[in-house]
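Below you'll find the structure, written out as structure tokens, and then a few comments.
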2 protein chains.
Amino acid sequence: MSAEALSAGVALWRQVADGIEQAIADGRYLPGGKLPGETEIAENYGVNRHTVRRALAALAERGLVRAERGSGTFVRSRRIAYPLRTRTRFSEIINAGGREPRGQLIAAEREPASGALAGQLDLAIGAPLFRIEALRSADGVPISRGTTWLSAVRFPDAPKVFAAKRSMTKVLAHYGISDYRRLSTRITASVVDAADAARLDLAAGRPVLVVESIDVAADGTPLLTSRARFAAERVEFVIEPD
Amino acid sequence: MSAEALSAGVALWRQVADGIEQAIADGRYLPGGKLPGETEIAENYGVNRHTVRRALAALAERGLVRAERGSGTFVRSRRIAYPLRTRTRFSEIINAGGREPRGQLIAAEREPASGALAGQLDLAIGAPLFRIEALRSADGVPISRGTTWLSAVRFPDAPKVFAAKRSMTKVLAHYGISDYRRLSTRITASVVDAADAARLDLAAGRPVLVVESIDVAADGTPLLTSRARFAAERVEFVIEPD
DNA sequence: AATAATTTGTCCGTATGTATA
DNA sequence: GTATACATACGGACAAATTAT
């Protein structure tokens with residue numbers, strides 16, 4: 001209905017895309033909600049439907065909307081802002097966003113430290129480790145799949161404790177470690193594998209953000225190292241000076 | 001030739017994977033180099049070829065090796081470590097890694113600020129901006145495709161200056177800004193689009209790391225905002241306390 | 001230029017141990 | 001305890017792509 005104003009000097013599709021983006025930002029279209037049909041948008045702006053399609057494709061490319069054939073185009077839910085700082089704890093971050101965090105133990109195994117892991121944890125090669133596989137979610141929506149390694153000597157019942165407390169911070173607290181910090185964080189991306197796709201409820205081929213990190217105690221002793229895969233379409237890492 | 005020692009209690013394929021990973025870490029297999037054939041590895045470890053394939057699949061999953069049918073399995077070149085700090089400059093980072101950085105202007109256009117951009121740059125909606133499309137590479141290997149927006153009023157000939165100096169830092173210096181810092185950095189991932197795939201020399205479906213950032217002057221005035229897409233298989237963001 | 005050899009990818013099957021219901 | 005499912009490990013055969021002859 002409402003005709004939108006178009007200015008000169010900018011590609012039409014870009015103006016349409018900007019207009020829709022603004023509408024999403026203003027809350028005129030709500031997360032998860034459906035946009036008007038392509039023809040209707042085209043009428044509103046007084047442009048051809050193909051111009052609208054070009055605009056929607058650009059927005060879809062950036063992950064703002066998601067088109068479903070036969071159904072409509074929907075506004076993607078806002079990505080969860082996930083700050084990466086030296087004090088990074090999943091539960092606190094999700095709580096801060098007003099969501100309900102949950103950690104779920106998938107599997108735990110005892111295994112000897114490989115060369116790489118031994119180096120990161122400052123242990124001898126072959127030292128007994130626990131490898132804990134977990135799934136983390138916010139309000140029931142899966143966010144990340146993580147693999148955590150920690151000493152089986154220093155944390156004798158880590159899997160059991162994690163299963164009960166559902167949080168790695170609480171596991172460390174259980175062993176008397178009240179504070180710890182992130183020593184290093186490395187970020188890459190790859191395509192989700194079949195197992196993670198199932199757990200994270202992602203379609204095949206979707207990208208995941210891979211975060212490898214080492215957490216150390218206040219005195220610098222390595223505590224645990226982990227490799228987490230985040231559903232890229234649901235999170236956004238934010239880096240701001242500490 | 002050399003028979004490898006196997007221990008009990010750990011899945012065979014995992015032991016083989018650890019062994020190969022260690023060999024890569026030790027430099028016994030060099031980046032870009034070829035691993036022995038699957039059958040040869042199987043003989044070395046005294047396991048079935050399928051067990052080796054399971055191990056190689058795990059390493060390929062983590063991006064350490066890359067298999068080419070008919071040719072062999074190769075050690076992936078180490079990802080470029082790309083530190084993200086408040087002082088983040090592409091050329092300095094690449095130089096620090098002993099590589100030759102290069103910035104190439106692809107296109108530049110004048111366009112009015114959309115609502116989102118105006119907010120980020122603290123300008124009025126519709127204020128004239130330059131949108132600069134650039135390709136950045138290290139030793140001739142494309143690393144990232146970036147779109148940068150900056151005020152066309154404050155930086156009247158930014159595209160020309162960038163084309164000549166090939167560095168955004170030098171563009172700012174040309175306008176008397178000797179120092180600036182990153183105000184915010186947001187990281188996501190998505191699948192490469194066709195245009196970026198061609199420029200970055202990436203196969204379709206490969207993931208890219210998307211970095212949206214805002215740079216400000218020493219006094220906090222926003223200078224430029226950008227959205228860069230990095231070939232995920234060639235870089236690794238590193239976050240360490242400033 | 002055509003063929004053979006090599007190497008990874010896929011599919012079949014068999015057997016065993018280990019959780020889980 | 002029994003049955004079922006799953007991961008692991010091995011063996012063989014062939015397809016598909018690449019490289020060497």
Side-chain angles (χ1 to χ4, degrees), chain A residues 102-114 117 126 128-135 142 145-149 152 156-164 166 190-202 204-205 227 229, chain B residues 1-24 28-77 197 201-207 233:
Chain A
R102 210 173 102 94
Q104 182 191 337
L105 178 71
I106 294 175
E109 270 179 88
R110 213 186 155 89
E111 66 180 39
S114 71
L117 289 174
L129 297 183
F130 283 125
R131 175 167 53 84
I132 296 180
E133 303 283 346
L135 176 69
R145 267 283 289 110
T147 308
T148 303
W149 289 270
D157 288 308
K160 274 185 208 161
V161 180
F162 181 82
R166 303 165 165 281
S190 75
V191 167
V192 70
D193 68 39
D196 285 349
R199 297 277 189 193
L200 291 173
D201 192 25
L202 282 177
R227 183 182 143 81
R229 286 86 72 200
Chain B
M1 306 293 167
S2 60
E4 307 284 340
L6 299 181
S7 54
V10 187
L12 264 181
W13 66 265
R14 203 179 283 275
Q15 298 184 52
V16 175
D18 286 345
I20 297 172
E21 183 180 357
Q22 194 62 53
I24 293 173
R28 302 211 296 279
Y29 299 132
L30 296 176
K34 192 165 158 254
L35 295 185
E38 293 174 352
T39 45
E40 188 176 336
I41 298 178
E43 281 169 18
N44 288 351
Y45 285 89
V47 299
N48 190 276
R49 177 177 161 238
H50 294 299
T51 308
V52 174
R53 285 185 58 74
R54 180 84 167 82
L56 289 174
L59 295 177
E61 191 64 52
R62 287 174 44 201
L64 268 75
V65 303
R66 161 184 45 88
E68 284 180 18
R69 150 136 65 161
S71 178
T73 306
F74 301 84
V75 180
R76 282 207 112 103
S77 317
D201 192 25
L202 282 179
R206 301 302 306 163
E233 59 198 53

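Note that the structure is a prediction, hence the values are computed from the model and not measured. Each chain gets a letter, A, B and so on, in the order the sequences are listed, and its residues count up from 1.
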When both distances are under 3.5 Å in a Watson-Crick or G-U wobble arrangement, the nucleotide paired with C/dG9 is D/dC14
B/Thr73: which of B/Ile41, B/Val52, B/Leu59, B/Leu35 passes side chain to side chain contact (heavy atoms under 4.5 Å, CB included)
B/Leu35
Compare all side-chain heavy atoms of B/Phe74 with those of B/Pro31 and state whether any distance is below 4.5 angstrom.
no
What residues form a salt bridge (charged side-chain N to carboxylate O under 4.0 Å, His left out) with B/Arg206, not counting sequence neighbours?
B/Glu233
Base, backbone or nothing for each nucleotide of nucleotides 4-21 of chain D, written B, S, -, heavy atoms under 4.0 angstrom, 5' to 3'?
----SSSBBB--BBB---
Is there side-chain contact between B/Ile20 and B/Leu56, with heavy atoms separated by less than 4.5 Å?
yes
Select from B/Lys34 and B/Arg53 the residue whose nearest nucleotide in DNA chain C is closer to the 5' end of that strand.
B/Lys34
Apply salt bridge (charged side-chain N to carboxylate O under 4.0 Å, His left out) to A/Arg229 and list each qualifying residue two or more places apart in sequence or on a separate chain.
A/Asp196
From CG of B/Leu56 over to P of C/dG9, roughly how many Å is that when rounded to an integer?
9 Å
Below 4.5 Å, heavy atoms only, C-beta onward: do A/Pro142 and A/Leu135 meet side chain to side chain?
yes
Residue list, side-chain hydrogen bond (donor to acceptor under 3.5 Å, both in side chains) with A/Glu109, at least two apart or on another chain:
A/Arg131
Set out, line by line, the N/O atom pairs under 3.5 Å between protein and nucleotides 15-18 of chain C.
none

Residues that B/Arg53 engages under salt bridge (charged side-chain N to carboxylate O under 4.0 Å, His left out), provided they are two or more places apart
B/Glu38
What does B/Thr73 touch in the nucleic acid at a heavy-atom separation under 4.0 angstrom: a base, only the sugar-phosphate, or nothing?
sugar-phosphate
